[in-house]
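Start at 1 and go down the list; that is how both ligands and their atoms are numbered.
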Amino acid sequence: MLPVMFTAVMKMVEVYELKKYFAVRRTGQWSAKSVLKAVDNVSFTVRMGETLGIVGESGSGKSTLVRCLTRLIEPTSGKVVLDGEEITKYRKRDLRKISKNVQMVFQDPVSSLNPRMNVLSIISEPLSAHEKISKTERKSLVVDLLKEVGLNEEHMYKYPGELSGGQCQRVAIARALSIKPKILVLDEPTASLDVSVQAQVLELLEKLQREHSLTYLFVSHDIAVVRSISHKAMVMYLGKVMEIGPTEKVVNEPLHPYTKVLMKSVPIPDPDSVLTEPAIQGEPPSALNPPSGCPFRTRCPNAVDECSLADMTLKKVEEDRYSACILNQRRSDS
Ligand SMILES: Nc1ncnc2c1ncn2[C@@H]1O[C@H](COP(=O)(O)OP(=O)(O)OP(=O)(O)O)[C@@H](O)[C@H]1O
Ligand SMILES: [Mg+2]
């Protein structure tokens, strides 16, 4: 992980009370609809040059959250400010003007690239959409981008089907970088790659961050990956944020009971990491009918009556550390 070079500098990503509710049909009842709170009142900030790792079990709302940040999915409510510009106030058709600041890289590079386009066209597509450039300029920019991501001119006329998974992901990264964004949103970018290729792609991302002062939002279910690349970690459960803090602290000294069981469920090669909490209990509740108060309370080994009543909000409990657990909050108040 790189040291953050710009700590005193501005916030690059600001998210305030973001919600995404889906109206879903209830099983067997064609007319009845329920509300699924995929992202529920999420707020956080990321500083320039920093990587925020977003972790949580499947279905916790990680992808929905980051897709709302790029307006690939329309949020239900809330405010998103990227590089000082409130993108949630723009109409969808005006979004292209400001979308230059943020680009996305998806999990499956093979399916996220158009199989009928060659690498030259794939990488230069966002570029051509944003500005008029000559064919010669386009080619020379693509050659530079290919070199930046560890490929070369030879790859320019190849099609995705002729490339390996790792090479495809490098092309997807080059494509995202083509319009010089300040923020990259990476949704499980290495999950479909072999471990050795995964390490190379992570190294590439670190190099690019260093060279271009990029800010990353990095979604992963793999704590080891998040630990290696993220400065801060944010833990989600049923659409809500449970804990945010410096990655090493969140991994080695988790505060929230959910983070404790999440960390316990993954092997972390660190002899100093002593986690004594019991493993996770019970079945995950339905996202359509989450428990009142803290959504984790029905599986939480430390739950008290008040957890069902408490209005769950993330609060500062230590320097640079935020938790939504009322027990953590109470301890910090006393
Ligand atoms: N278009 C949709 N319509 C209805 N529900 C949706 C839709 N997209 C996502 N959901 C629901 O929202 C919740 C969050 O889904 P999301 O894909 O964001 O989770 P995730 O944390 O990215 O999971 P994974 O780790 O499996 O990728 C889930 O309960 C999912 O079923
Ligand atoms: Mg996802």
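If you check the side chains of His212 and Glu148, you find a donor sitting under 3.5 Å from an acceptor.
The protein heavy-atom contact nearest to atom 25 (O) of ligand 1 is Lys62 NZ, 2.8 Å. The nearest heavy-atom contact from the protein to atom 17 (O) of ligand 1 is Ser63 CB, 4.0 Å. Atom 9 (C) of ligand 1 has as its closest protein heavy atom Phe22 CE1, 3.6 Å.
A distance-only check finds a donor-acceptor pair linking the side chain of Ser134 to the backbone of Glu137 [under 3.5 Å]. At least one donor-acceptor pair closer than 3.5 Å links the side chain of Thr88 to the backbone N or O of Val80. For the pair Thr247 (side chain) and Lys232 (backbone), a donor-acceptor distance under 3.5 Å is present. Although no hydrogens or angles enter the test, the distance criterion places no donor-acceptor pair under 3.5 Å between the side chain of Glu17 and the main chain of Asn41.
Those atoms of ligand 1 with a heavy atom of Ser60 less than 4.0 angstrom away are 19 (O), 21 (O).
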Checklist line | salt bridge (charged side-chain N to carboxylate O under 4.0 Å, His left out) assessment of Glu206 paired with Arg210 | finding: CA-CA 6 Å; Glu206 287 197 323; Arg210 199 169 42 235; 5.7 Å; no
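With 2.8 Å as the limit, Ser63 counts as an N, O or S neighbour of the Mg ion (ligand 2).
Looking at Val24, Leu36, Val39 and measuring to atom 29 (O) of ligand 1, the nearest heavy atom belongs to Leu36. Across Ser58, Cys68, Ala38, Gly59, heavy-atom proximity to atom 26 (O) of ligand 1 is greatest for Ser58. Nearest residue to atom 18 (O) of ligand 1 from Leu238, Thr64, Val66 is Thr64 (criterion: closest heavy atom).
Note that atom 31 (O) of ligand 1 has no protein non-hydrogen atoms nearby, at separations under 4.0 angstrom.
The distance criterion of under 3.5 Å between nitrogen or oxygen atoms is not met by Gly56 with respect to ligand 1. When only interatomic distances are considered, the shortest N/O to N/O separation between Glu188 and ligand 1 does not fall below 3.5 Å.
Residue Cys325 is tested with His256, Met312, Arg331 for a side chain to side chain contact (heavy atoms under 4.5 Å, CB included); the sole match is His256.
Using a 4.5 Å heavy-atom threshold, the side chains of Leu52 and Ser230 count as separate.
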